[in-house]
Novice: 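Can you read through this structure? Questions will come right after.
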Amino acid sequence: MLLFLLLAALLSIPAIAQKKPVTLEALAAQRPAPPLSSVWAPDGRRFVYTEEGKLWLYDIPSRSKRELVTLAALTAAAAKTEEPPAYAWENRGVRDQNIQWLPGGRELLIRAGGDLFLFRLAAGGWTQLTATPQDERDPKVSPDGRRVSFRRQHDLWVLDIASRRETRLTHDGSESLRNAELDWVYPEELALGTAHWWSPDSTRIAYLQFDVSRQPLYPQVDLLPLPPRYEPQRYPKAGEPNAEVRLGVVAASGGSTRWLDLGDTRDKLLARFYWLPDSTGILVQKLNRTQNRQEILLAGPAGGKARVLLEERDPYWINVRDNFRWLKGGKEFLWWSERDGYGHLYRYTIEGKLLAQLTRGDWEVTGVAGVDEKNGYVYYLSTQASPLERQLYRVSLEGGSPQRITSREGTHAISMSPGAEYFVDTHSSLSTPPSTVLCSSDGREIATLRPPDTKVLSEYEILPVEIVPVKASDGAILYGRLIRPAGFDPARKYPAVVAIYGGPHAQAVRNAWYGLSFDQVLAHRGFVVWQLDNRGSAGRGHLWEAAIYRNLGARELEDQKEGLRHLL
């Protein structure tokens, strides 16, 4: 028996050793599946998602899924013949909503190949709504489901779904005067991915107009195609003119635009826009260019000067986030602020009166996942458990102690249903590849939508990633990420590669899956790989991030040196 066990052990050694090292060739050959992105139906009981080029429908009550359409079939039907515009580079930050539900939950609007298609779930067939050589960008279904708005070149259009009749809402668009079209600054620096918004009653559309004529024109070349393509870009460096931006409202049936009086907007940033649920006004987040002062304005679409509901100042800068939510039909709203040094949630009346601070502590709310007004909860992701993790919590709309919903250590990304009855959770950790599960609002797992892909782990030798706490000389705790070389021998010395991204808005050291990466290639070639998040990085609160304010390079370098001393 002992001889048999020894023989079995010896025979198993080659199988273990057969795991391949991570090489550049292995890295280039990998085609990791993109994250499962769920688009929820209005009833919150179904969602669609794309996988392997197909659109799938998942039905929660029956715990079943079915294939709807192959996206390649729609793309093949698209009528695009036009070359990409000269300013295509600037459009890369725009987040087109390629799949949207119509309000009844029986049809989908799909953008494929630059054209728009209507897919009917019951019939299982699709109708092509547009067939033009130009792209229909940034499409949006009206709240009543009768029309679709979109941008074609530099102007805003509306299409009536039943008659296929198109109405051009703006007529003066050009390369330098852009209607419902963002410049480079807004998607890149403010993370704004769209430039027009339907009123809830479907009668009007608010849109931004960008006059970029004063912005300097920089030469850019796209080197991927052969021959390379010239793509000049409007790009304002510090001190040079930004775009002149104004907010207008136009009837969905056409006509003249009414420009809203938001006060002085030259060299200001109009960062976010929210129609009141009853369509009687628009909430506008307005910042100065240095972003240390913001006003929350309420503007009436019929005219008149906007009034200030809320004003905030910051000694460093104000970060912009998408955590706003209407409450009680527009009588109240949920607001996110870093006024105490950490990002937390607050509840206000529409008159701008503070009702409650919902979260507090030396940690930050990183995103609002959903609101359950019926039961009085807001669901949010935060760093309360650890700055290295993202966990889902809920707290009463009256405030109080938060309740943690997700249980597995690591990083969670959440897509919550309307009404917050269910959520799709994509989770990973240092040792666990991403997996996606469907959960009820209390965190109970209902179904596995995508199990962890363990093929990489079984095929390649993924060297362990360690998170190392480093105590700086002033007592602050920094976090480093360490990968030891293959066949590590503590008695040897190794060359080290140090990766640095000093922030702000970046966090490189997380309890999350890193998988196949260039760091693994280096470690398999005999390098120690080290990365440290210095002060100025994200995930530790606004005061931690603001340590580099107007002194870029100094604080970061001192923290990086602390990390190197620890590594040595």
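Just so you know, these numbers come straight off a predicted model, no measurement behind them.
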Novice: Walk me through whether Tyr348 and Leu355 qualify under side chain to side chain contact (heavy atoms under 4.5 Å, CB included).
Specialist: CA-CA 5 Å; Tyr348 277 88; Leu355 295 174; over 6 Å; no

Novice: When you measure from the side chain of Arg151 to the backbone N and O of Gln153, does any donor-acceptor pair fall under 3.5 Å?
Specialist: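 Checked: pair present.
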
Novice: Can you find a side-chain donor-acceptor pair between Ser428 and Thr411 that sits under 3.5 Å?
Specialist: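 No.
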
Novice: Cationic tip of Arg178 within the cone over Phe210's six-membered ring, i.e. under 6.0 Å and within 45° of the normal?
Specialist: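 No cation-pi geometry.
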
Novice: Report yes if some heavy atom in the side chain of Ile110 is under 4.5 Å from a heavy atom in the side chain of Asn98; otherwise report no.
Specialist: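 No, too far: nothing below the 4.5 Å cut-off.
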
Novice: Got a donor-acceptor contact below 3.5 angstrom from the Thr70 side chain to the Ala72 backbone?
Specialist: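 No, the answer is negative, given that no donor and acceptor are paired below the 3.5 Å cut-off.
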
Novice: Would you call Glu52 and Lys54 a salt bridge, using N to O less than 4.0 angstrom?
Specialist: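 Result for this pair is no, no salt bridge flagged.
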
Novice: Please check if any side-chain donor atom of Thr366 sits under 3.5 Å from a side-chain acceptor atom of Ser382, or the reverse.
Specialist: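 No, no side-chain donor-acceptor pair sits under 3.5 Å.
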
Novice: Is there a side-chain contact between Phe273 and Leu247, using heavy atoms and a 4.5 Å cut-off?
Specialist: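 Contact flag for Phe273/Leu247 side chains = yes.
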
Novice: Flag the pair Leu121 / Phe119 as yes when at least one side-chain heavy-atom distance between them is below 4.5 Å, and no otherwise.
Specialist: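 Leu121 reaches Phe119 side chain to side chain.
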
Novice: Does Gln391 form a side-chain hydrogen bond (donor to acceptor under 3.5 Å, both in side chains) with Thr406? I'd like the steps, not just the answer.
Specialist: CA-CA 6 Å; Gln391 300 287 346; Thr406 47; 2.6 Å; yes

Novice: Could you check whether any side-chain N or O of Arg510 sits under 3.5 Å from a backbone N or O of Glu389, counting only pairs where one atom can act as donor and the other as acceptor?
Specialist: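 Here the side-chain-to-backbone pair does not exist.
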
Novice: Taking side chain to side chain donor-acceptor pair (under 3.5 Å) as the test, write out the residues that go with Arg289, two or more places apart.
Specialist: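 For Arg289 the side chain to side chain donor-acceptor pair (under 3.5 Å) partners, ignoring immediate neighbours, are Asp267.
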
Novice: State which residue, out of Val320, Leu269, Leu287, Asn288, fulfils the side chain to side chain contact (heavy atoms under 4.5 Å, CB included) condition with Gln294.
Specialist: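 For Gln294, the side chain to side chain contact (heavy atoms under 4.5 Å, CB included) check succeeds only for Leu287.
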
Novice: May I ask you to decide whether Glu166 forms a salt bridge with Arg152, counting only side-chain N to carboxylate O separations under 4.0 Å?
Specialist: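 Salt bridge: yes.
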
Novice: Just wondering, do Lys140 and Trp198 contact through their side chains at under 4.5 Å, heavy atoms?
Specialist: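 Yes, close enough: below the 4.5 Å cut-off.
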
Novice: Side-chain contact, heavy-atom cut-off 4.5 Å: Asp372 with Tyr379?
Specialist: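 Contact flag for Asp372/Tyr379 side chains = yes.
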
Novice: Quick one: are the ring centres of Tyr49 and Tyr58 less than 6.0 Å apart?
Specialist: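 Judged by ring-centre distance (under 6.0 Å), Tyr49 and Tyr58 do not meet the cut-off.
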
Novice: Is the number of heavy atoms from other residues, nucleotides or ligands within 6.0 Å of OH (Tyr501) greater than 12?
Specialist: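 Atom OH in Tyr501 is not crowded, with 12 or fewer foreign heavy atoms closer than 6.0 Å.
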
Novice: With a 4.5 Å cut-off on side-chain heavy atoms, are Glu445 and Leu438 touching?
Specialist: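 In short, these two side chains do not touch, never coming nearer than 4.5 Å.
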
Novice: Verify salt bridge (charged side-chain N to carboxylate O under 4.0 Å, His left out) between Arg272 and Asp322, making sure each step is shown before the conclusion.
Specialist: CA-CA 8 Å; Arg272 293 294 185 271; Asp322 291 310; 2.5 Å; yes

Novice: In plain terms, say whether Arg168 and Asp155 are close enough for a salt bridge, that is, a side-chain N and a carboxylate O under 4.0 Å apart.
Specialist: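 Yes, Arg168 and Asp155 are salt-bridged.
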
Novice: With a 4.0 Å cut-off on N to O distance, would you call Glu398 and Arg347 a salt bridge?
Specialist: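 So Glu398 pairs with Arg347 through a salt bridge.
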
Novice: Aromatic contact between Trp184 and Tyr186, with the criterion being ring centroids under 6.0 Å apart: yes or no?
Specialist: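 Trp184 vs Tyr186: aromatic centres not under 6.0 Å.
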
Novice: Heavy-atom distance under 4.5 Å between the side chains of Leu116 and Phe150, does that happen here?
Specialist: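 Yes, at least one pair of side-chain atoms sits under 4.5 Å.
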
Novice: Please confirm whether Tyr346 and Trp335 have ring centers closer than 6.0 angstrom.
Specialist: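 So the answer is no for these two rings.
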
Novice: Could you check whether atom CZ of Arg146 has more than 12 heavy atoms from other residues, nucleotides or ligands sitting under 6.0 Å from it?
Specialist: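 Counting neighbours around CZ of Arg146, 12 or fewer heavy atoms of other residues, nucleotides or ligands fall under 6.0 Å, so no.
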
Novice: Can you check whether Tyr274 reaches Trp326 side chain to side chain, under 4.5 Å on heavy atoms?
Specialist: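 Of all side-chain heavy-atom pairs linking Trp326 with Tyr274, at least one is under 4.5 Å.
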
Novice: Is the distance from the ring center of Tyr207 to that of Trp259 below 6.0 Å?
Specialist: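 Ring centres of Trp259 and Tyr207 closer than 6.0 Å.
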
Novice: Do Thr359 and His344 have side-chain N/O donor and acceptor atoms under 3.5 Å apart?
Specialist: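 Yes, because at least one side-chain N or O of Thr359 sits under 3.5 Å from a partner of the opposite role on His344.
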
Novice: Using side chain to side chain contact (heavy atoms under 4.5 Å, CB included) as the criterion, point out the one residue from Leu276, Leu260, Leu262 that pairs with Ile282.
Specialist: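 Result for side chain to side chain contact (heavy atoms under 4.5 Å, CB included) with Ile282: Leu260.
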
Novice: Taking side chain to side chain donor-acceptor pair (under 3.5 Å) as the test, write out the residues that go with Gln128, two or more places apart.
Specialist: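 Applying side chain to side chain donor-acceptor pair (under 3.5 Å) to Gln128 gives Asp115.
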
Novice: Strictly below 4.0 Å, N to O, side chains only: are Arg204 and Asp201 in salt-bridge contact?
Specialist: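 Asp201 and Arg204: salt-bridged.
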
Novice: Apply the test side chain to side chain contact (heavy atoms under 4.5 Å, CB included) to residues Leu108 and Val69: give CA-CA distance (whole Å), side-chain angles for both, the deciding distance (0.1 Å), then the verdict.
Specialist: CA-CA 11 Å; Leu108 293 163; Val69 66; over 6 Å; no

